[in-house]
Amino acid sequence: MAERKGLPDLLILGDSHTAALKSGCDAHGLKAEVLGFSGNLWHAGYIALNRAQDLRVRGAAMQARIKTVEDSLGGGSVLRPDLPVLASVGFHLGRLVPPFGFRNHVTEREAFDAEEDRLFASSAMVADYAQHFRVAHLRFLRRLSRLVPLTVVAPPHFYTGQNYAAFYGFLAEAIRGTGVRFCDPREAWGGDGAPLGAEFLSADGVHGNEAYGERIVGHMLEQGLIKRRAD
Amino acid sequence: MAERANPYSDLPPEAYWRSAVAEAGLYGMNGLWASRWVLPSDARFATFGSCFAQHISRALVARQIGWINAEPSPGRCPVEIARKYNYGIFSARTANIYTAAQLLYLVQLATGEIAADAAEFWEEKGRVYDSLRPAIEPEGFANRDEALLSRRSMIRAFRRSITEADVFVFTLGLTEGWENAATGQPYPMCPGTVAGRFDAAAHVFRNYRVAEVSADMGAALDAMRRLNPGLKVLLTVSPVPLTATASGQHVLVATTYSKSALRAVAGELAAADPGVDYFPSYEIISGAPARAGFFAPNMRSVEAAGVELVMKHFFAGLDRSGPAAHGREAATEVEREEATEARMAAEDLACEESLLEGFNRG
């Protein structure tokens with residue numbers, strides 16, 4: 001299929017972290033269309049590919065959001081081989097990690113030692129738990145990668161509380177294991193695993209800000225994980 | 001001739017085999033057990049011991065009676081994953097405690113008398129196994145640190161089971177076990193069976209005598225009561241025969257010794273200590289009235305009908321007519337979950353706002 005004139009450089013698909021990615025694209029002069037849904041919907045499995053390989057979301061209002069993007073792209077599916085997708089999909093840690101800790105389970109020695117009532121959960125347990133809740137997302141990304149040029153980007157690595165690092169690390173490896181092109185923001189910040197500094201966080205404390213977006217998108221451009229459209 | 005008065009003249013029907021057993025039949029027996037304590041209506045039970053003990057855990061949970069789950073699975077954990085990692089079987093993830101020596105060792109870990117890292121870890125094919133519960137994680141632990149943290153977590157939970165329980169239910173399983181010759185550490189199963197490597201010089205077989213079981217149980221109870229002076233202990237003996245014996249005897253003979261010794265110790269402890277009671281699950285399954293009918297075709301596993309009958313007698317004899325003594329603690333966990341849910345909802349809101357902001361910029 002010939003590339004259509006006027007298509008953006010990227011479609012940013014995913015959860016609330018799409019906002020920082022969009023701002024980063026703007027900063028680097030990349031034209032990006034955004035299709036974002038709450039991490040809650042992704043977590044619940046409300047967004048999926050149907051048999052015709054089209055993106056579908058439960059709920060008319062949400063489906064209308066897809067239609068809006070379809071229209072702005074000139075009709076047809078939002079998923080097309082000539083439109084690269086940058087996906088912030090598969091983590092949604094805000095719905096995954098807090099319930100894991102409902103009964104005081106922690107995954108690190110420091111956290112375990114900090115309070116007498118804490119319980120330790122092994123890395124194998126974390127892996128099985130995360131795999132259970134994200135197996136459909138990993139399958140989604142594998143299928144998506146066969147439909148479009150896909151890059152998956154992990155969320156900002158700021159870790160809002162207990163156990164985030166363990167789940168983040170497992171899911172990063174799991175997504176990498178699917179074979180899709182993957183950007184791990186920890187590598188863009190030196191790869192030492194240190195949590196992201198406050199200067200890269202938005203006021204709500206749970207999203208990357210514009211500085212974050214600019215840096216992560218710049219990193220992906222440098223690494224060839226995303227590209228400017230040639231036309 | 002006039003009937004002569006004697007101590008048997010006025011005994012109740014339960015005292016006579018004919019009326020209590022032969023004529024009553026298996027399902028007609030009554031008064032097999034009556035708890036010697038009046039427990040609070042919200043009494044809390046910790047359950048540990050050999051594999052038969054898990055039936056008591058399940059029955060308490062099914063009836064929503066206060067079973068202490070001091071080491072539950074992580075929140076919202078799928079049932080199959082919780083089961084795979086041996087959560088929810090006993091009040092802490094001790095795995096089976098077969099012998100009195102094992103119980104004493106665990107209690108000494110809980111009191112701090114023995115350091116958490118004193119017991120061995122076994123490395124095999126890049127994974128690490130806890131010698132105190134070698135099958136607790138299906139694939140072992142990633143490294144020694146993780147295995148030790150998990151053991152410490154179990155010890156914390158085991159200690160909490162003791163300190164928070166009204167009744168500590170313990171099912172005695174075996175007299176046979178293995179110990180480390182140098183350290184005396186008891187193993188739940190012979191090294192080299194599930195994990196580890198057997199070393200004839202390092203690992204010694206023990207078939208504990210009645211006096212040894214009694215001494216270990218006595219020491220364990222004393223130590224538990226130092227943690228919780230009001231703790232009541234309900235003993236049972238597992239009716240499940242030995243899978244195998246290393247005693248040199250026929251396994252049937254070895255089983256009879258093992259169960260007889262344990263039954264005798266349980267009886268002695270209950271007779272000597274008003275804080276100890278004995279519940280006759282062993283008799284219900286293995287006694288003559290059942291004609292071994294509750295055993296599966298392998299003559300070892302206990303069928304569900306047997307467990308059901310055991311539990312019927314257990315709950316018939318339990319007296320929870322005392323005033324409630326707890327209540328608030330259960331609410332605390334609910335409140336903690338609700339608080340986390342509220343934080344998650346707030347984060348959802350932040351996510352929605354972030355998305356909307358993204359549209360504004362677009």
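Within every chain, numbering begins at 1; the chains are lettered A, B, ... in the order of the sequence lines, protein sequences first and strands thereafter.
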Donor-acceptor check, side chain of H132(A) to backbone of E80(B), threshold 3.5 angstrom: yes or no? no

Does R228(A), at its CZ atom, have more than 12 non-hydrogen atoms belonging to other residues, nucleotides or ligands within less than 6.0 Å? yes

Report the distance from atom OH of Y129(A) to atom OG of S73(B), rounding to the nearest 0.5 Å. 8.5 Å

Are R76(B) and F102(A) side-chain neighbours, meaning at least one heavy-atom pair lies under 4.5 Å? yes

Derivation and outcome, side-chain contact (heavy atoms from CB on, under 4.5 Å), residues D128(A) and E139(B): CA-CA 12 Å; D128(A) 274 349; E139(B) 308 296 334; over 6 Å; no

Is there side-chain contact between F133(A) and P78(B), with at least one heavy-atom pair below 4.5 Å? yes

Do you know which of L149(B), I81(B), D145(B) has the most heavy-atom pairs under 4.5 Å to chain A? L149(B)

With rounding to the nearest 0.5 Å, note down the distance linking CZ in R103(A) to OH in Y87(B). 10.5 Å

Tell me if a side-chain donor or acceptor on Y85(B) pairs with a main-chain N or O of A124(A) at a distance below 3.5 Å. yes

Okay, A147(B) and chain A: the region with an atom under 4.5 Å from a heavy atom over there is neither

Which atoms of R159(B) come close to chain A, meaning under 4.5 Å heavy atom to heavy atom: side chain ones, backbone ones, both, or neither? neither

Between E146(B) and S122(A), is any side-chain donor less than 3.5 angstrom from a side-chain acceptor? no

Tell me whether Q64(B) at atom CD has more than 12 heavy atoms from other residues, nucleotides or ligands lying less than 6.0 Å away. no

Would you give the length of the straight line joining atom CG of L119(A) to atom CZ of R160(B), rounded to the nearest 0.5 angstrom? 5.5 Å

CZ on R109(A) to CG on L148(B), rounded to 0.5 Å: 6.0 Å

Roughly how far apart are N104(A) CG and E71(B) CD, rounded to 0.5 Å? 12.0 Å

F112(A) ring centre to R156(B) NZ or CZ under 6.0 Å, with the angle to the axis within 45°? yes

Do R118(A) and S153(B) touch side chain to side chain, with heavy atoms closer than 4.5 Å? no

Measuring heavy-atom distances to chain B, does E33(A) have an atom under 4.5 Å in its side chain, in its backbone, in both, or in neither? neither

